[in-house]
Student: 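Structure provided below as structure tokens; questions to follow.
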Amino acid sequence: MTNDQLQQFTRDTEPSEISFLAVCQEPEVRNQVAAPLIARGFPGESCADTAQALTLLEQKPFQVALCDVNVPGIGAFGLLEQVQSRFPDTAFVMAVDFEETFDVAAAVRAGVADYVVKPPHPETLVARVRRAVEVRYRERALEKHRSRLEEIVRQRAEQLGRAREHIERTCDETLRALGYALDLRDNETAGHSQRVTRYCLELAKAMHCSSDELKTIVRGAYLHDIGKIGVPDAILRKPAELTEIERGIMEAHVRIGYEMIRRISFLGAPAEIVLAHQERFDGAGYPRGLAGDEIPLGARIFAVADTLDAMTRNRPYRRAVPFSVARAEIIRESGRQFDPKVVEAFLSLPQELWESIRDEVKSQQEGPDPYWWIHPSAGL
Ligand SMILES: [Fe+2]
Ligand SMILES: [Fe+2]
């Protein structure tokens, strides 16, 4: 409500529109409070204690409650509390014995709109009642306006959340398409990408990564080998060891993958993981020879997950080793190939977790939707 509106309200409000409730034990005081108001056309009721006051308040609305500070029952401040929580449109005015002993500041803090000293001067009483009602009216209008605004903000945030969810789902559908394209080229990658993604997710959670970091790591891990799409079949599927030149071409898959996805806005951060997924903590990796914290955290996590998977899966030229052997190798390479902090997170998790993920991915691959885990409902 603007000041103009308040002034309008002040001028326009007839006494008949302001009903009062006088709550005083002594009939004489009740009369001192109620009579001047009734004489000027204010409708109202009177009662002797707080219980009767609450009953009357429940029956009909009052614009103002005038309460003797010594009222029996739950007391004047107890009644004030009830009025504030259950009848917030009602202004609360207190009738006090002596101005000197009444703690005005404490009463205002408690929510009293105004006070009058007994016996109140009729004109003062009317002026204070009017002002208390008007101020309460303005406060309530502001409160209602604020809660309307809050509701609008809440609705907008909800709409935004839904739109964001929709975009994320679309993004992840795109990832599936990219992953599927790679699977067509390289059969071995399918299960590998899913397993390392799941391993990365567990490691990242153990390292207390935020949910945004988890999404970046999951997307980067899933797409880490996407650049293999650009590697010729003769090299990609060669059953024998690669020559030096062939290895150079194979190693280019990190840059090809990076260039493929880095311009897609939601894949900017995952692209950095793709580019760095063959780096080593000691700086002896490729393509840039980054070391330590220069390597994105997602790529440092990925390095452990990748070795874990590389060692524990069957390949055409090598049988899988047990998880315990892979574990020992990861410990041995801590500080060399791997970030010791990631190794620490790895060791904090039980071996059965990795085994169960491997089995889960295998059964999901045989199921109707091998990419179920990248969907937002998978809890990312
Ligand atoms: Fe890989
Ligand atoms: Fe790779």
Side-chain angles (χ1 to χ4, degrees), residues 175-176 178-204 216-239 241-242 244-262 267 269-281 284-290 295-318 320-321 326 329-330 333 337-339 342 346 354 357-358 361-362 365 370-371 373-374:
L175 292 194
R176 291 184 192 202
L178 280 172
Y180 184 63
L182 177 61
D183 292 352
L184 291 176
R185 287 289 320 284
D186 183 7
N187 289 338
E188 204 196 329
T189 333
H192 164 59
S193 296
Q194 292 186 39
R195 281 188 303 272
V196 289
T197 303
R198 291 288 305 275
Y199 295 159
C200 281
L201 181 59
E202 296 304 328
L203 290 169
T216 296
I217 291 168
V218 160
R219 288 169 178 164
Y222 181 58
L223 295 173
H224 75 276
D225 273 340
I226 195 68
K228 283 187 178 172
I229 286 177
V231 177
D233 272 354
I235 297 171
L236 192 64
R237 297 178 175 191
K238 187 175 175 182
E241 206 179 319
L242 301 179
E244 209 175 312
I245 292 174
E246 288 169 338
R247 202 174 318 116
I249 295 170
M250 185 63 136
E251 288 182 358
H253 79 278
V254 298
R255 281 204 184 279
I256 298 170
Y258 174 69
E259 291 299 333
M260 270 177 73
I261 65 168
R262 76 184 170 94
L267 292 179
E272 295 299 328
I273 297 177
V274 172
L275 180 62
H277 81 267
Q278 297 288 358
E279 300 286 3
R280 289 173 51 107
F281 192 71
Y286 67 85
R288 291 174 289 175
L290 301 180
I295 307 167
L297 175 64
R300 278 178 275 145
I301 289 175
F302 172 84
V304 171
D306 191 40
T307 292
L308 183 67
D309 187 55
M311 292 184 73
T312 56
R313 75 180 199 257
N314 283 319
R315 294 173 114 170
Y317 47 88
R318 206 196 58 213
V321 301
E329 170 69 8
I330 287 167
E333 284 296 316
Q337 190 179 348
F338 308 125
D339 179 347
V342 181
F346 169 72
W354 315 115
I357 290 174
R358 182 187 57 185
V361 169
K362 191 167 185 297
Q365 265 188 287
Y371 301 99
W373 51 272
I374 210 166

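Note that these values count all heavy atoms, side chains included, but never hydrogens, waters or copies made by symmetry. As the structure is a prediction and not an experimental result, all values here were calculated from the model. When a ligand or atom number is given, it counts from 1 through the structure's own listing order.
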Student: When the ring planes of Tyr199 and Trp354 are compared, do they come out parallel, tilted or perpendicular, using 30° and 60° as the limits?
Tutor: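 Perpendicular, since the angle between the ring planes exceeds 60°.
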Student: Does the shortest distance from the Fe ion (ligand 1) to an N/O/S atom of His277 fall below 2.8 Å?
Tutor: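 No - counting backbone and side chain alike, His277 has no N, O or S atom under 2.8 Å.
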Student: Between Arg262 and Leu275, is any pair of side-chain heavy atoms under 4.5 Å apart?
Tutor: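 Not in contact.
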Student: Can you check whether Arg288's main-chain N or O pairs, donor with acceptor, with Glu279's side chain at less than 3.5 Å?
Tutor: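 Judged by distance alone, yes, a pair lies under 3.5 Å.
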Student: Between atom OG1 of Thr216 and atom CG of Leu297, what is the distance when rounded to the nearest 0.5 Å?
Tutor: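 So the gap between those two atoms works out to 10.5 Å.
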Student: NE2 (His224) to the Fe ion (ligand 1) to NE2 (His192): angle, nearest 10 degrees?
Tutor: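 Nearest ten degrees: 90°.
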Student: If you check every N/O/S atom of Asp225, which is the one nearest the Fe ion (ligand 2)?
Tutor: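 Considering only N, O and S atoms, Asp225 comes nearest to the Fe ion (ligand 2) through OD1.
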